[in-house]
Structure formats: C-alpha cells, structure tokens
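Below is the structure I would like to discuss, written out as structure tokens.
Residue numbers start from 1 in every chain, and the chains themselves are labelled A, B, ... in the order their sequence lines are given, proteins ahead of strands. Only this structure's heavy atoms are used, side chains among them; waters, hydrogens and symmetry mates stay out.
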There are 2 protein chains.
Amino acid sequence: MSRIYTPPNGNSTPDDVVYAHPHSDFTNMQQTHMGNDGRFHNIWSCDIAILADGACAGNGTNYARAGMGVYFAPDSRYNISEKLEAWDGQQTNQHAEIRAAVLALEKVIELVEDGCLQTENVVLISDSSYVVDAMTNWVYRWRNNGWMNNRGFEVTNRDDFERLDRLINILDDDFDVSVRLWLVPRCYVQEADRLAKDAINS
Amino acid sequence: MSRIYTPPNGNSTPDDVVYAHPHSDFTNMQQTHMGNDGRFHNIWSCDIAILADGACAGNGTNYARAGMGVYFAPDSRYNISEKLEAWDGQQTNQHAEIRAAVLALEKVIELVEDGCLQTENVVLISDSSYVVDAMTNWVYRWRNNGWMNNRGFEVTNRDDFERLDRLINILDDDFDVSVRLWLVPRCYVQEADRLAKDAINS
RNA sequence: UGACACCAGUUUGU
DNA sequence: ACAAACTGGTGTCA
C-alpha cells in the first residue's frame, strides 16, 4: 500500500482532519488501563495522527544545535522534546527532521507493545518534503541502488533513513499497523516545532 | 596558437587576473571617440576579458526559457542581456551557453570594426566546459569527421558551434585579434549570469 | 564511467 | 537580503 496519506477531502488540513477526529487527542481520553509497567495508561483503538518536526539553531554553522519534537496531543505524556546529542551524529536541520520521525514511530511501537495503544493506521505528519519524499518515493530506488543519490554519492543520513524505513515495515509486518506520511505546510506542525525548539533551549 | 587561456599564476581567478588589470573596466575609461555611427564611444587599445554565461529556467522541460548574458564591465553600454527567442532554436542550457559566447565575440567584432576597440588579445571567460572544451579540443576533430560525436550522431548545436569557431578564426585572421577561452567555476561569472537571468525574467 | 553546466523542490537558519 | 542542508531531473561531451 502507498505510504502517502491523502486526506479524504483533497484540500483538508490537519486542523480539519486530525483535530476534528475525536480520537486524535490522547489527553481527552477518560478510559485508563494498567499497562505492563504496572502504571495506568490510556487505551486506544483508533487511527492516530502524530506531528513530527526538527529544528536546528545555527544550521550550517559549526555551532549548530539540533532538536526533535513529537506531538501526539496537548500536554500528552507521550509528547517528545529531545536534543540531538553531539555524539549522535550531525547537527543539521535535515538530520533532526528524520530523527523526529524515527522517535515518533519508536514511541508508537513502544505504546503498542505496552498494550496501551491499539491502532491499525498511523498518519505521520511532517512539513519536510525531504523526509516524506524519501520514505514515499526515493527509498524504493535507494534500496535497489545501494543508497546512492543522483550525484553518485551515498545518500546523506542513510543510517537514519534506513532505520525509519525499517520502523515502517516492522509496524506493518509485525503489528499490522500501516504507517502513512502526510506532507503539510509548516504552519500545521507548530506544536511539534515548539517541542523541538524547547529541546534546543534547555 | 592554443585557444586555451592559462592565467600567469596557475591558481589565479578572474578576480585576481581580470579586475586587477586596469584596462578591464570600460566604464572607467575617460577618453571618447566618435564612432562610425556618429556617437561617442570609448577607445581601447588593450587586452580585454569578457564574461559570457547562459541560463535556462526549467531546463529539460517543455516550458524551458533560455537567456544569454555578456558582461564587459559594471554598467557597460556593451553588456548584453538577451532572451533566446523561441523560433531561434532549442531552449536549453547548453544552447544558451554557446550563444552567449557567440554574442560576446560578435560584439567584439562590432566594436573593432567601429573603431572603438583596439585589442590584440581577448579572453572569453565561461563556466561551461561544454563550450570551452568544444572550442579548444573537440572542434579540431569535428572539423575532420563531419561533426560527429562519439556515438556516431551529429553534434548537437552544431550550427552554433560552427558559428563560434568561425568567429574566433575571423577575429584572428581578419582583425589580428587572438581569442582564448578560460574555463572558470560558476562563482566567477555571476555578473553575466545575472544578465542572462534578467533576460529570461523580462 | 567521468566532467561541467542548467534547473526543480523542500526544510533549517542568520 | 543572505547561506546551509538535502533531494529529484535534463543538457551534453569525452
């Protein structure tokens, strides 16, 4: 199945589609359930949408600092605001964008394994055509050509792209969760952007 | 004589060589002279350097639009900014690059015939190895093999290559002007690039 | 296979 | 206004 998410109405925005969906907000959930860790969690059996965004202060300079934001819902305990550690790869905007998507799907797997989330469809929302195009178009070529870009060099951030690709396949194969990506304008991922920037300034 | 220009110091750039040369700037010229057209022109007796560049918006698409830029000096009246007309051949980057060189040398001949330029050495500066290699290497074979490329097909843009080749020979034979070509990185032909792009967006 | 151009698009920043 | 980080493509030759 296609990894591209297309909203029911072609012109729909996340505001229309996600927030109109009663199941998109974890925090409004009243039902709780004791998870494998002995703590109470909300239980979901629904389609969910997640915002992922990266930020990088001083991008392109040698003092760049990158961070990732993953947003499930207002004040959700599952939201992520994480710095990209200096030892953990290049401090670039692109790297942060990919890594945000990775964190989002890793969290989904964690929640599903924990039993506190039951879902069949995840929509990963990003404003990065770099990430969305990579996972919906380019990756199929890359898998066949040894991850080479048009200029004959190895694809930058290959490790994280492979990781993201693998996560999508694992969710599909092992958990029956189909992940699709939705490319949206910047203004619709502000909550995740906030979380990414907060991580940088902490 | 070789058509390749090699700067005195192998690592020199146009910035080093051209702009350090006091005669490279038409606009600083104080002496004027009435030309054949009854108008006043600057008179030169010097070696000159000219930047030529082509641009092509949407190159490779069916809505491509190409333009040429020729740069003598800041705000020189001799600078050229010209669109490649639709009826005047293929709208491609390569075509524009060659045509820019053609326009430059046609302008030189015009100025020399007008008597407003006296020169023995012209350096035509381009960032196109396609054009420079063609005029400094490949053309000698092409003249002997009926303008065939390696794959046995006729050389693309043959007409303009022949025209350019002829201009160089005419300048040499009829005007005692030796033309040499200098291949430089993109960043050194920005002024001509600007003129080419301006032509497209007009 | 190599090289030089010419573009298209997105994000991140100062 | 500038630049960096990234991808995709064509135009052409050897």
Roughly how many Å is it from CZ in Arg186(B) to P in rC4(C), rounded to a whole number?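 Going from Arg186(B) (CZ) to rC4(C) (P), I get 11 Å.
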
Indicate whether OP1 or OP2 belonging to rC7(C) is found under 4.0 Å from a side-chain N or O atom of Arg65(B).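 No, Arg65(B) has no side-chain N/O under 4.0 Å of OP1/OP2 on rC7(C).
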
Taking distance alone, no hydrogens or angles, what donor-acceptor pairs closer than 3.5 Å link side-chain atoms of residues 129-138 of chain B to residues at least two apart or in another chain?
| from | atom 1 | to | atom 2 | distance (Å) |
| --- | --- | --- | --- | --- |
| Tyr130(B) | OH | Asn157(B) | ND2 | 3.1 |
| Thr136(B) | OG1 | Val132(B) | O | 2.6 |

Integer-rounded Å distance: rA3(C) P and Gln94(B) CD: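 Distance, rounded to whole Å: 16 Å.
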
Expected output: side-chain Arg65(B) to main-chain Ala57(B) donor-acceptor under 3.5 Å: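 No, the answer is negative, given that no donor and acceptor are paired below the 3.5 Å cut-off.
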
Salt bridge (Lys or Arg N to Asp or Glu O under 4.0 Å) partners for Arg158(A), two or more places apart: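 Expected list: Glu154(A), Glu162(A).
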
Is Arg186(B) paired with Asp127(B) through a side-chain N to carboxylate O contact shorter than 4.0 Å?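 So Asp127(B) does not pair with Arg186(B) through a salt bridge.
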
Looking for any heavy atom pair under 4.0 Å, which part of the strands does Ala55(A) touch: base, sugar-phosphate only, or nothing?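 Sugar-phosphate only.
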
Before accepting this row, confirm whether a basic side-chain N of the pair Arg3(B)/Asp165(B) lies closer than 4.0 Å to the acidic partner's carboxylate O. yes

Collect all protein-nucleotide pairs involving nucleotides 1-4 of chain D in which both atoms are nitrogen or oxygen and the distance is under 3.5 Å.
| from | atom 1 | to | atom 2 | distance (Å) |
| --- | --- | --- | --- | --- |
| dA4(D) | N3 | Asn59(A) | ND2 | 3.4 |

Anything under 30° is parallel, anything over 60° is perpendicular, the rest tilted; go ahead and classify Phe72(B) against Tyr78(B).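 Because their plane-to-plane angle is over 60°, the rings of Phe72(B) and Tyr78(B) count as perpendicular.
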
Rounded off to whole Å, could you give me the OH-to-C1' distance for the Tyr188(B) and rC4(C) pair? 16 Å

May I ask you to check whether over 12 heavy atoms, not counting those of Glu106(A), lie within 6.0 Å of atom CD?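 Yes - once you tally the heavy atoms of other residues, nucleotides and ligands closer than 6.0 Å, there are more than 12.
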
So that I can tick it off, tell me whether Asp53(B) and Arg194(B) are bridged by a salt bridge, with the cut-off set at under 4.0 angstrom between side-chain N and carboxylate O. no

Just jot down the side chain to side chain contact (heavy atoms under 4.5 Å, CB included) partners of Ala199(B), sequence neighbours excluded, or say none.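 Counting only residues at least two positions away or on another chain, Ala199(B) forms a side chain to side chain contact (heavy atoms under 4.5 Å, CB included) with Ser81(B).
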
Using whole Å, report how far NE2 of His95(B) lies from P of dC13(D). 13 Å

Take atom CG of Asn62(A) and atom P of rG13(C), then tell me their distance rounded to the nearest Å. 17 Å

How many whole angstroms separate atom CG of Leu181(A) from atom C1' of dT7(D)? 15 Å

Members of residues 192-202 of chain A that approach DNA chain D, where some heavy atom sits under 4.0 Å away: none

Could you check how far CG of Leu183(B) sits from P of dA14(D), rounded to whole Å?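 Rounding to the nearest Å, CG of Leu183(B) and P of dA14(D) are 16 Å apart.
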
Return the value, rounded to whole Å, for the distance between atom CG of Asp160(B) and atom P of dT12(D).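 Distance, rounded to whole Å: 11 Å.
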
Is the shortest side-chain N to carboxylate O distance from Glu82(B) to Arg99(B) below 4.0 Å?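 Judged by the 4.0 Å cut-off on N to carboxylate O distance, Glu82(B) and Arg99(B) do not form a salt bridge.
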
What residues from residues 128-152 of chain B pass a heavy-atom cutoff of under 4.0 Å to RNA chain C?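 Contacting residues: Ser128(B), Ser129(B).
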
If you only use heavy atoms from C-beta on, which nucleotide in dG11(D), rC6(C), rU12(C) is closest to the side chain of Thr92(B)? dG11(D)

Main-chain N/O of Asn93(A) paired with Asn59(A) side-chain donor or acceptor, under 3.5 Å: yes

